[in-house]
Colleague: 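Here it is, the structure, as structure tokens.
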Protein chains: 2
Amino acid sequence: MKPHKAKALHAQIREDIETRIVTGQLMPGDQLPFEVELMQQYGCARMTVNKAMSGLVADGLVVRRKKAGSFVAHPKLEQNVMETMDIPEYARRLGKSYRFRRLSRTEEFLDNAAAKEMGVRPRREVVRVTGLHIIGGQPLAHEARVIFLDAVPEARDALFESEAPGKWLLDHVPWSSAENEISATLAGPEIAELLDTQPDAPCLVLLRSTWRDGVQVTFVRQTFPADRYRFKGRFTPGSDR
Amino acid sequence: MKPHKAKALHAQIREDIETRIVTGQLMPGDQLPFEVELMQQYGCARMTVNKAMSGLVADGLVVRRKKAGSFVAHPKLEQNVMETMDIPEYARRLGKSYRFRRLSRTEEFLDNAAAKEMGVRPRREVVRVTGLHIIGGQPLAHEARVIFLDAVPEARDALFESEAPGKWLLDHVPWSSAENEISATLAGPEIAELLDTQPDAPCLVLLRSTWRDGVQVTFVRQTFPADRYRFKGRFTPGSDR
DNA sequence: TAGTGGTCTAGACCACGGG
DNA sequence: CCGTGGTCTAGACCACTAT
């Protein structure tokens with residue numbers, strides 16, 4: 001009946017409590033057993049119980065206060081994991097072909113206006129790239145990107161003729177923190193023609209700034225026709241990791 | 001010089017490694033020291049090292065393979081934590097007033113068309129609520145919500161005249177998993193008038209289905225004028241938790 | 001002040017999987 | 001095979017905080 005793969009005890013304890021929380025047997029604010037009680041219930045060491053509880057805390061399901069005990073956290077829907085902002089990955093999931101078509105590539109120094117829009121200091125030398133993400137033969141998104149050459153000097157030699165700058169950067173910049181903004185706009189005449197849609201078509205706009213070790217690496221604006229793409233996300237407390 | 005608040009050793013180890021990763025000293029795929037080496041370096045027990053490494057794995061910064069060792073993970077920008085989809089919380093952060101103005105409330109049985117749109121079976125009895133989220137006197141979003149009475153029978157007695165249904169649900173539904181979809185649309189004549197904007201104004205649309213223990217609790221469609229609200233998110237691998 | 005969680009140790013056994 | 005990580009123990013001391 002049970003799955004043959006026996007789970008670790010700390011994972012079992014964690015799941016037991018998690019189940020009682022998500023099913024509503026335990027309500028937000030309810031107190032959980034003390035560690036001492038749990039180690040008696042499960043007949044294990046306190047470290048094992050502690051590992052289970054620590055995981056629940058990391059997942060935001062439980063809050064703990066010294067001397068008081070452990071309690072079911074009050075749910076927050078404020079944070080949601082949004083997936084598939086990586087367009088090639090999105091295409092792969094759909095089983096469709098993907099290609100990037102470069103429209104332009106220039107090297108220049110940021111003027112004041114552009115720098116202000118991105119919130120960086122002006123006069124930084126950059127590579128500007130625009131292009132289309134094409135999935136199954138249809139353009140899914142228009143992309144306008146800036147890559148800062150002082151952060152990624154190797155970009156000077158990259159042409160991005162068929163390889164999307166985003167993928168290139170993931171392979172050349174070791175790790176990054178990113179800020180995203182999702183907004184909406186009308187396609188407008190130029191992008192409408194490129195995306196083969198109407199100028200008054202509503203579009204999703206993703207703005208992303210990526211940083212590495214304190215210096216901005218890239219800034220990108222991706223425009224998706226609303227009828228072709230939507231951002232999907234899921235919030236399942238503690239189901240993963 | 002050092003902050004007087006000494007951090008836990010496992011947290012210190014974790015930060016040391018994390019720093020080397022995010023600054024690029026360690027590149028994706030690079031091998032990390034074995035646990036035995038780290039316990040010698042830091043002069044601590046293996047459990048302590050293991051706790052640090054487990055945290056890095058949970059944050060997706062590190063992958064571990066038995067016999068092979070531990071390696072820096074390849075970065076993915078696929079998942080991003082989006083914040084502030086909770087409108088009252090958003091108002092609070094801005095230091096502005098918040099109120100919910102109910103526009104309508106009905107109890108009915110879902111017809112086939114509506115059920116299909118939400119992906120649930122028809123003939124379920126629901127409460128339908130529409131209203132406006134008003135921040136600093138200005139309408140920020142229009143909301144159209146369905147609450148399933150078989151999942152939340154208490155909703156029959158809730159009027160939602162000034163309390164937003166979202167907040168009410170958080171207080172009455174213990175925990176939930178949620179699916180979100182972000183899209184874009186034009187305001188249209190009706191919502192434009194309610195939101196005090198133009199019918200052809202681009203708007204962000206948030207669709208959210210919330211489930212509890214396998215049954216759908218609510219479905220909501222929130223419409224934000226694009227010039228008043230945008231979703232912001234951050235992706236800082238391992239910075240929090 | 002006393003109870004609780006936070007942390008750490010110095011061992012141990014085992015499953016997995018690379019060589 | 002045998003090194004690695006995964007897990008667990010039975011203690012211990014300490015920091016915090018509710019009472």
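Naming: A, B, ... by sequence-line order, numbering from 1 per chain.
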Colleague: Return a table of donor-acceptor pairs under 3.5 angstrom between the side chains of residues 158-168 of chain A and protein atoms on other chains or two or more places apart.
Modeller:
residue, atom, partner, partner atom, Å
A/K167, NZ, A/D171, OD2, 3.4

Colleague: According to ring pair (Phe, Tyr, Trp, His ring centres under 6.0 Å), who are the partners of A/F219, at least two apart in sequence or on a separate chain?
Modeller: none
Colleague: Report the nucleotide, chosen from D/dA18, D/dT7, C/dG6, that has the shortest atom-to-atom distance to any side-chain atom of A/H10.
Modeller: D/dT7
Colleague: Take the protein atom NZ of B/K67 and the nucleotide atom C1' of C/dC16, then report the distance between them rounded to whole Å.
Modeller: 11 Å
Colleague: Think B/K51 has a side-chain N or O under 4.0 angstrom from the OP1 or OP2 of C/dT7?
Modeller: yes
Colleague: Would you mind reading off the distance between A/M39 atom CE and C/dG5 atom C1', rounded to a whole angstrom?
Modeller: 13 Å
Colleague: Filter on salt bridge (charged side-chain N to carboxylate O under 4.0 Å, His left out), then keep only pairs touching residues 24-34 of chain A, sequence neighbours left out; what's left?
Modeller: none
Colleague: Output the rounded distance in Å from CZ (A/F71) to C1' (C/dT4).
Modeller: 10 Å
Colleague: Check the distance between D/dT19's C1' and A/K66's NZ and give it to me in whole angstrom.
Modeller: 17 Å
Colleague: Taking only N and O in the side chain of A/R64, is any of them less than 4.0 Å away from OP1 or OP2 of C/dG6?
Modeller: yes
Colleague: Using a cut-off of 6.0 Å, state whether more than 12 heavy atoms not belonging to A/R221 lie near its atom CZ.
Modeller: no
Colleague: What is the separation between atom CG on B/L38 and atom P on D/dT4, rounded to the nearest whole Å?
Modeller: 12 Å
Colleague: Examine distances only and state if a side-chain atom of A/R65 and a backbone atom of A/F71 form a donor-acceptor pair shorter than 3.5 Å.
Modeller: no
Colleague: Rounding to a whole Å, what distance do you find between B/L32:CG and D/dG3:C1'?
Modeller: 17 Å
Colleague: Looking at residues at least two apart in the chain, or sitting in another chain, which of them share a side chain to side chain contact (heavy atoms under 4.5 Å, CB included) with B/K66?
Modeller: none
Colleague: Expressed in angstrom and rounded to an integer, what is the separation of A/L9 atom CG from C/dC14 atom C1'?
Modeller: 15 Å
Colleague: Near DNA chain D, which residues from residues 43-50 of chain B have a heavy atom under 4.0 Å away?
Modeller: B/R46, B/M47, B/N50
Colleague: So A/S70, base contact, sugar-phosphate only, or nothing? Heavy-atom distance under 4.0 Å.
Modeller: sugar-phosphate
Colleague: Restricting to side chain to side chain contact (heavy atoms under 4.5 Å, CB included), what partner residues turn up for A/V217, sequence neighbours left out?
Modeller: A/A151, A/V152, A/L169, A/V173, A/R212
Colleague: Given atom CD of B/Q12 and atom C1' of C/dG6, what is their separation to the nearest angstrom?
Modeller: 16 Å
